[in-house]
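Only this structure's heavy atoms are used, side chains among them; waters, hydrogens and symmetry mates stay out.
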There are 2 protein chains.
Amino acid sequence: MRIGELARRTGVRVETIRWYEKSGLLEKPARNAGNYRDYDAAALARLSFIKRGRDLGFSLEQITELMALTRNARADCERVDAIARQHLAEVERKIVDLSSLRRELSGLVNSCTGGAIGECDILQALAPEGPPSRSEG
Amino acid sequence: MRIGELARRTGVRVETIRWYEKSGLLEKPARNAGNYRDYDAAALARLSFIKRGRDLGFSLEQITELMALTRNARADCERVDAIARQHLAEVERKIVDLSSLRRELSGLVNSCTGGAIGECDILQALAPEGPPSRSEG
DNA sequence: ATGCTCCCTGAAGTCGCTACAGGGTCAAGG
DNA sequence: CCTTGACCCTGTAGCGACTTCAGGGAGCAT
Ligand SMILES: [Zn+2]
Ligand SMILES: [Zn+2]
Ligand SMILES: [Zn+2]
Ligand SMILES: [Zn+2]
C-alpha cells in the first residue's frame, strides 16, 4: 500500500510517517515504479505499535527500545516492565504538578471580580511589587 | 546590575535572560563600558513577572499579552481573566487526559507478572495483532 | 492538454529553552 | 607586567516530536 493508505489505516499523518522513517523508527520501504513508498503488512503492524505507544505517552526512544525487545521473545520481560513503570511514575508526577498548578490558578481566577486592570488580583499575583514595566511613560 | 546578578535575583538562567531579550520579551538593556548588559529595577520587576508567569505555566505569548495589558491600568480586566481562565481550562484538560492515561498504564503494569517477553501483557497490549517487526529473522 | 489527487524531497518553523565554541573584560595576586 | 579566574559577549546548533511550506513529479480521468 502507499503512504496515504497507511496513514488512513493507522491514524498517523503522512508527514509523520516520513519523519519516522527519516529518524530510523521505520525501515525504508520498497519503492514502486513511480518512486512512491510501498508498504507491506509488517510495516502496518510496526507503525500501529508506534502509534499505540505514542498514544500511551511513551517517547520515541522508549518505543524504539520496546520494539527491539520484542525480537527475542524468550528473554525476560523485566526491562519492558521497567520502562512501563518508569513512564507511569512520570505520568503520576505530572498529574501531581498540574494539580497544584490548578489549585493556584483557580484561586487566581476566582479572586478576580471584574473591574479595572490596575485592581485585578490576577495581575497583582503575577507582579512582584510595583508594576513590571514603568521605564518611561 | 549585570546579567549574573539579575539571574541570581530572579532564578532565571543567564542564557534564558538573553534568549528572552532576543525574542522580544525583555527590552534591550543599556550597556556599560565593557559592553556588558546593565539592568535596572524595572527590568528586574519585568523579569520577575515573566518568571512567575512561567511558573504558573503561561506561555511566553500569553505573558507578553499580560504585560502589554498592564500598561493601561484603567482598562477593563476581562482579557486578563480570559487568558487565565483559558489556561486553567487547559491545565484541567491535561489533568483529565493524564488521569485516563494513568489508569490505562497502571492496568498495563499490573497485568505483567514477569516471565518471557513473548508472554508479557504489556507488549501484547501495544501490539495490534501479531508482532510488529518480523520482516526477516 | 488540463485538472485533480496523490506523492516526492529538502528546508525551515514550532516552543522554550540549553549547550557549546570561541572569544572579550576586569579585578586580584604574584 | 603577566597570569589567573570569574564573569561577560556573540552566534550557532541541538532537544522532542513533529508541522508546514516551497517546488516539483506520477498517474488517472476528461
Ligand atoms: Zn514517559
Ligand atoms: Zn480581573
Ligand atoms: Zn496555557
Ligand atoms: Zn511483563
Side-chain angles (χ1 to χ4, degrees), chain A residues 1-26 28-39 43 46-47 49-67 83 86-87 90-91 94 97-98 101, chain B residues 1-26 28-40 43 46-67 83 86-87 90-91 94 97-98 101:
Chain A
M1 84 198 75
R2 286 178 304 175
I3 199 168
E5 191 185 339
L6 184 63
R8 243 172 290 119
R9 288 222 236 168
T10 55
V12 177
R13 299 187 50 170
V14 167
E15 299 88 349
T16 307
I17 297 174
R18 283 197 285 249
W19 184 80
Y20 284 167
E21 179 185 330
K22 200 167 173 179
S23 54
L25 241 82
L26 288 175
K28 300 196 176 197
R31 297 291 181 126
N32 70 12
N35 197 31
Y36 292 5
R37 287 171 180 81
D38 185 19
Y39 294 98
R46 200 172 163 86
L47 183 56
F49 185 99
I50 295 171
K51 175 65 160 52
R52 179 97 180 96
R54 290 297 297 134
D55 286 349
L56 287 169
F58 288 99
S59 71
L60 293 182
E61 200 182 356
Q62 289 172 325
I63 291 171
T64 301
E65 192 178 349
L66 288 172
M67 288 194 300
I83 291 173
Q86 186 198 335
H87 180 46
E90 237 172 75
V91 168
K94 273 187 197 165
D97 289 353
L98 284 175
L101 201 55
Chain B
M1 84 199 73
R2 286 178 304 175
I3 200 168
E5 189 184 341
L6 184 64
R8 244 172 288 119
R9 288 223 236 169
T10 55
V12 177
R13 300 188 51 169
V14 167
E15 300 89 345
T16 306
I17 296 174
R18 284 198 283 251
W19 183 80
Y20 285 167
E21 179 185 328
K22 199 169 176 177
S23 54
L25 240 81
L26 287 175
K28 300 196 175 197
R31 298 290 181 126
N32 71 13
N35 197 32
Y36 291 5
R37 288 171 181 81
D38 184 19
Y39 294 98
D40 58 10
R46 200 173 164 86
L47 183 56
S48 303
F49 184 99
I50 295 171
K51 176 65 160 54
R52 181 97 181 95
R54 289 298 296 136
D55 286 349
L56 287 170
F58 288 99
S59 71
L60 293 182
E61 199 183 356
Q62 290 172 324
I63 291 171
T64 302
E65 192 178 349
L66 288 172
M67 287 195 299
I83 292 172
Q86 187 199 335
H87 180 46
E90 238 170 74
V91 168
K94 273 185 197 165
D97 289 354
L98 285 174
L101 202 56

Quiz item: Which of these passes salt bridge (Lys or Arg N to Asp or Glu O under 4.0 Å) with E21(B): R37(B), R46(B), K28(B)?
Solution: R37(B)
Quiz item: Which is true for K22(B) with a 4.0 Å heavy-atom rule: it touches a base, it touches only sugar-phosphate, or it touches nothing?
Solution: base
Quiz item: For the pair made of CG in L25(A) and P in dG16(D), what is the distance, rounded to whole Å?
Solution: 12 Å
Quiz item: Does R54(B) reach the main-chain N or O of F58(B) with its side chain, forming a donor-acceptor pair under 3.5 Å?
Solution: yes
Quiz item: Roughly, in whole Å, what's the span from CZ in R31(A) to C1' in dC6(C)?
Solution: 14 Å
Quiz prompt | Interatomic distance where CD1 belongs to I17(A) and P belongs to dC8(C) [whole Å] | solution = 10 Å
Quiz item: Between F58(B) (CZ) and dC15(C) (P), how many Å, whole number?
Solution: 17 Å
Quiz item: Is the shortest side-chain N/O distance from R37(A) to OP1 or OP2 of dT9(C) below 4.0 Å?
Solution: yes
Exercise. Check the surroundings of atom CD in E61(A): do more than 12 heavy atoms from other residues, nucleotides or ligands lie under 6.0 Å from it?
Key: no
Exercise. Answer whether the closest heavy-atom distance between the side chains of S48(B) and T10(B) falls below 4.5 Å.
Key: yes
Quiz prompt | Rounded distance in Å - CD1 (I50(A)) to P (dG16(D)) | solution = 16 Å
Quiz item: Which one of R2(B), R9(B), R8(B) satisfies the salt bridge (Lys or Arg N to Asp or Glu O under 4.0 Å) criterion with E5(B)?
Solution: R9(B)
Quiz item: The side chain of L60(B) lies closest to which of these nucleotides: dT12(D), dC18(D), dC17(C)?
Solution: dC17(C)
Quiz prompt | Side chains of R52(B) and L56(B) in contact at under 4.5 Å (non-hydrogen atoms) | solution = yes
Quiz item: Should W19(B) and L60(B) count as side-chain neighbours, where that means a heavy-atom distance under 4.5 Å?
Solution: yes
Quiz item: Y20(A) has an atom OH; how far is it from atom C1' of dC18(D), in whole Å?
Solution: 8 Å
Quiz item: Does any non-hydrogen side-chain atom of E90(A) lie less than 4.5 Å from one of Q86(A)?
Solution: yes
Self-check item: Pair I83(A)-H87(A), side chain to side chain contact (heavy atoms under 4.5 Å, CB included): steps then yes or no
Solution: CA-CA 6 Å; I83(A) 291 173; H87(A) 180 46; 5.6 Å; no
Could you run down the sub-3.5 Å N/O contacts of the protein with nucleotides 19-21 of chain D?
unit_1, atom_1, unit_2, atom_2, d
dT19(D), OP2, T16(A), OG1, 2.7
dT20(D), OP2, R13(A), NH1, 3.3

Protein and nucleotides 26-28 of chain D: nitrogen or oxygen contacts under 3.5 angstrom:
unit_1, atom_1, unit_2, atom_2, d
dA26(D), O4', Y36(A), OH, 3.0
dA26(D), N3, Y36(A), OH, 3.4

Quiz item: In whole angstrom, what separates I3(A)'s CD1 from dT5(C)'s P?
Solution: 19 Å
Exercise. Round to the nearest Å and state the distance from L6(A) atom CG to dC8(C) atom P.
Key: 11 Å
